[in-house]
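Every chain is numbered from 1, with letters handed out A, B, ... down the list of sequences. All values below come from the heavy atoms of this structure, side chains included, with hydrogens, waters and symmetry mates left out.
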Amino acid sequence: MRAGRYLRYGLCYLLALVWFVPVVWMAVTAVKPTPEVMSFTPRWIPSEVTFSHFGELLAKKPFFLWLLNSFQIAALATAITVVVTTFAAYALARLEWRGRNVVFTMLILAMFVPWEINSIPLFFIVKDLGLLNTFLGAALPLAALPVSLFLLRQFFINIPTDLEDAARIDGCGHLGILWHVIIPVSLPAYGALSIFIFIFSWNEFFWSLISLQRADVRTLPIGLKTLVGAGDIQYDLMMAGSFMATLPALIIFLILRRHIISGISMAGVRR
Amino acid sequence: MPKSKRNRNGAIALLFLLPYLVLWGIFAFVPIVYGFFISLHKWNPIGTSKFIGFQNYGDLFRNPRFVGALWNTLIYAAWAIPLILLVGLVFALLLRRGQLPGGAAVEAALFFPYLLNVSVVGILWRFLLDPDVGIVPYYLRVVGVDPPNFLNSPMIVLPTIAVVSAWWLAGYRMIVFRAGLNAIPDDLYEAASLDGAGSVRQFFFITLPLMRPSILFAAILTLVAGMCMLGQVLVMTNGGPGTASEVMALFMYRTAFESFNFGQAAAVGFILFVIVFGVSLVLFRVLGLRSELS
């Protein structure tokens with residue numbers, strides 16, 4: 001029994017090591033002199049630490065612009081999602097009306113539609129709305145993801161009705177109940193929803209590639225992709241760019257680790 | 001509830017749902033219908049488009065490159081979906097009970113790749129798998145295995161991308177599955193061990209049946225995402241070698257924005273929609289998941 005447990009521990013540590021080694025290798029490579037990057041035998045400890053790749057990258061590519069663009073789109077998508085799904089989830093979870101089940105079933109079915117496949121017609125719709133190459137055009141389809149509404153609805157429906165009844169006796173209308181009862185007790189759900197949508201939008205690739213074609217509105221994932229396009233492969237620059245793109249995520253993750261993981265576990269669709 | 005109250009609630013519900021429904025309508029529902037409409041035309045984005053019926057569809061299925069892309073997508077999905085789910089489930093089971101010393105660090109290491117964006121994942125693995133300077137082929141040679149050229153051999157490229165996807169996404173599934181595992185009451189296991197059931201039997205008679213709905217639901221969502229995979233191939237192989245890793249989404253993207261044949265690209269999108277939506281709908285109904293979600 002005891003040996004079995006240590007075996008399990010050992011396996012966990014080994015897996016964690018294997019899983020994280022690529023990230024470490026990326027960081028090490030980003031600060032290595034170029035000849036050591038292209039060496040046939042891996043050098044885990046660089047002979048000297050150099051930041052020249054970062055300098056070269058920043059001189060060649062508008063990295064901070066990509067970062068800022070990504071941040072604005074993710075923040076915009078998150079804000080719109082939170083506002084719009086709050087009302088919709090209230091209607092689906094706290095109001096009794098004919099057709100509610102039909103709408104809820106449609107919502108579940110909508111989750112099975114991969115929204116990327118809409119990108120060709122969506123391109124023309126967004127173009128006709130004059131939103132091509134705008135952050136709003138990139139963010140709005142993300143705010144329409146049915147998963148967000150589903151998540152909030154699942155939380156709202158489990159709130160006990162007594163609080164709501166008490167508020168109603170005090171003369172609260174639907175907006176009052178929403179503002180004074182539902183939203184305050186749902187803050188963890190809002191945290192989960194925001195984290196989920198922010199990460200999703202931050203890493204979104206397909207739609208940004210199509211809707212943001214001008215160089216000055218590119219997001220981080222789309223911008224980084226330009227590092228691989230050009231003929232000769234410069235792994236030192238590629239690793240420097242990847243590492244710089246990873247650093248914000250790493251820092252935020254180290255600070256908010258518990259919140260992010262519990263947010264994801266709440267947002268991950270389950271029963 | 002009295003009828004008038006229900007009706008009034010209906011009006012309020014509609015009002016509350018309206019902003020979301022408008023967004024969803026414009027950016028999710030209308031595109032499906034509009035995409036089908038575009039696919040029936042020789043689409044001209046700036047002038048008049050000619051209605052050609054189902055000719056785009058016929059052309060596609062006669063095009064070996066499209067059939068190849070369809071096939072590649074299925075191969076990728078067949079590798080990636082079980083891998084992502086299985087690795088996620090194994091991680092969740094391993095980390096399940098909290099007594100592992102340093103469990104939080106292990107969990108963080110397994111989850112962190114999910115926070116990388118797809119370009120970083122693709123760029124990083126191109127480097128790791130590089131036949132000359134990559135550390136994966138290097139260490140394979142060290143242990144005496146002759147490494148294949150992972151991203152440059154037609155037979156291996158799609159399974160390789162599936163493994164990379166599992167590295168990227170399994171941590172997310174781990175977190176979701178673990179939440180499901182933790183929701184199983186402990187007394188079930190206690191009762192089972194009193195009855196003399198070992199951990200293997202406990203897994204098959206308690207854990208697996210109780211986890212079934214969440215595993216199946218995760219499977220459907222992973223399928224939906226996997227069938228539309230684009231980022232990984234675009235960064236790692238650009239569909240190569242040749243067209244060995246050209247999946248449907250990449251074929252659609254190229255048809256639209258490299259060949260500017262928007263009608264045919266929309267047809268690819270609609271075919272993908274029919275396949276993915278059809279399969280998930282059938283799975284959803286056959287597996288009886290509807291009641292689990294309300």
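At a 4.5 Å heavy-atom cutoff, A/W207 makes no contact with chain B through either its backbone or its side chain. Proximity to chain B is absent for every atom of A/L254, based on heavy atoms less than 4.5 angstrom apart. Neither the backbone nor the side chain of A/I252 comes within less than 4.5 Å of any heavy atom in chain B. Proximity to chain B is absent for every atom of A/S70, based on heavy atoms less than 4.5 angstrom apart. Interface remark: B/F270 contributes no atoms to any contact with chain A (heavy atom separation under 4.5 Å). Of the two parts of B/A267, neither the backbone nor the side chain holds a non-hydrogen atom closer than 4.5 Å to a non-hydrogen atom of chain A. For A/A143, the parts sitting under 4.5 Å from any heavy atom of chain B are the backbone and the side chain alike. For B/F262, the parts lying under 4.5 angstrom from a heavy atom of chain A are both the backbone and the side chain. With a 4.5 angstrom heavy-atom cutoff, B/L128 touches chain A only via side-chain atoms. For A/V37, the parts lying near chain B are the backbone and the side chain together; criterion is any non-hydrogen pair under 4.5 Å. With a 4.5 angstrom heavy-atom cutoff, A/E204 does not touch chain B via any of its atoms. With a threshold of 4.5 angstrom between heavy atoms, B/R178 approaches chain A through side-chain atoms but not through N, CA, C or O. Residue contact with chain A, scored on non-hydrogen atoms closer than 4.5 Å, involves the backbone and the side chain of B/A104 alike. With a threshold of 4.5 angstrom between heavy atoms, B/V90 does not approach chain A through any atom at all. At a 4.5 Å heavy-atom cutoff, the contact between B/I123 and chain A is made by backbone and side-chain atoms alike. For a residue to count as touching a neighbouring chain, one of its non-hydrogen atoms must lie under 4.5 Å from one of that chain's; by this rule B/L18 does not touch chain A. In this structure, the portions of B/Y20 lying under 4.5 Å from any heavy atom of chain A include both its backbone and its side chain.
A distance-only check finds a donor-acceptor pair linking the side chain of B/N9 to the backbone of A/E96 [under 3.5 Å]. Judged by distance alone, the side chain of A/R8 and the main-chain N or O of B/L94 form a donor-acceptor pair under 3.5 Å.
Note on B/L15, B/V121, B/D130: by heavy-atom pairs under 4.5 Å with chain A, the leading option is B/D130. Listed options B/A256, B/A105, B/A108 were ranked by heavy-atom pairs under 4.5 angstrom with chain A; first place goes to B/A108. The choice from B/V22, B/L272, B/L124 that makes the most heavy-atom pairs within less than 4.5 Å of chain A is B/L124. The candidate from A/F205, A/W115, A/F20 with the greatest count of non-hydrogen atom pairs under 4.5 Å with chain B is A/F205. When the candidates A/S148, A/P22, A/A249, A/A89 are compared by the number of heavy-atom contacts under 4.5 Å with chain B, A/P22 comes out ahead. Of the listed residues B/F257, B/W167, B/F273, B/F277, the one with more heavy-atom pairs under 4.5 angstrom with chain A than any other is B/W167. When each of B/V30, B/V118, B/D132 is checked for heavy-atom pairs under 4.5 Å with chain A, B/D132 comes out on top. The most heavy-atom pairs under 4.5 Å with chain B, out of A/Y90, A/W202, A/F243, A/Y13, come from A/Y13. When each of A/L250, A/T85, A/I199 is scored by its heavy-atom pairs under 4.5 Å with chain B, the top score falls to A/L250. Interface check for chain A: of the options B/V136, B/I38, B/I135, the most heavy-atom pairs under 4.5 Å are formed by B/I135. Residue with the most contacts toward chain B among A/A91, A/A88, A/S39: A/A88 (heavy-atom pairs, distance under 4.5 Å). Comparing A/T86, A/V18, A/I120, A/L11 by heavy-atom pairs within less than 4.5 Å of chain B, the highest count is held by A/I120.
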Evaluate the side chain to side chain contact (heavy atoms under 4.5 Å, CB included) criterion for residues A/I261 and B/F111: first the C-alpha distance (whole Å), next the side-chain angles of each, then the deciding distance (0.1 Å), finally the verdict.
-> CA-CA 8 Å; A/I261 286 181; B/F111 174 74; 4.2 Å; yes
Give the C-alpha distance, both sets of side-chain angles, the deciding distance and a yes or no for side chain to side chain contact (heavy atoms under 4.5 Å, CB included) between A/N118 and B/I32.
-> CA-CA 6 Å; A/N118 281 336; B/I32 299 174; 3.4 Å; yes
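Ring pair B/Y253/A/F206: centre-to-centre distance not below 6.0 Å. Ring to ring, A/F253 and B/F112 are close: their centroids are under 6.0 angstrom apart. Checked against the 6.0 Å centroid threshold, B/F91 and A/W19 count as a close aromatic pair.
Heavy atoms from other residues, nucleotides or ligands lying under 6.0 Å from CZ of B/F36 number more than 12.
Under the 4.5 Å side-chain criterion, counting only non-hydrogen atoms from C-beta, A/L209 is in contact with B/L230. At least one side-chain heavy atom of B/R126 sits under 4.5 Å from a side-chain heavy atom of A/V228. The shortest side-chain heavy-atom distance between A/W97 and B/L14 does not fall under the 4.5 Å cut-off. Put simply, the side chain of A/S119 reaches to within 4.5 Å of the side chain of B/M252, judged on heavy atoms. Counting heavy atoms from C-beta outward, A/L129 and B/F27 have side chains that approach closer than 4.5 Å.
Rounded to the nearest 0.5 Å, atoms CG (B/L115) and OG1 (A/T246) are 9.5 Å apart. To the nearest 0.5 Å, atoms CD1 (A/I222) and OG (B/S119) are separated by 6.0 Å. Rounded to the nearest 0.5 Å, atoms CD (A/E116) and CE (B/M248) are 13.0 Å apart. Between the CG atom in B/L21 and the CZ atom in A/F87 there is a gap of 14.0 Å [rounded to 0.5 Å]. Between atom CG of residue B/L23 and atom CD1 of residue A/I80 there is a gap of 7.0 Å, rounded to the nearest 0.5 Å.
Taking the six-membered ring for Trp and thresholds of 30 and 60 degrees, A/W25 and B/F127 have nearly parallel ring planes, at less than 30 degrees apart. The aromatic rings of A/F112 and B/F284 sit perpendicular, their planes meeting at an angle over 60°, well past the 30° parallel limit.
Nearest approach of A/L122 to B/P31, heavy atoms of both residues: CD1-CG, 3.6 Å. The two atoms that bring A/A144 and B/W24 nearest to each other are O-CD1, 3.6 Å, heavy atoms only.
Of the candidates B/V120, B/L116, B/V235, B/N117, B/N117 is the only one forming a side chain to side chain contact (heavy atoms under 4.5 Å, CB included) with A/P221.
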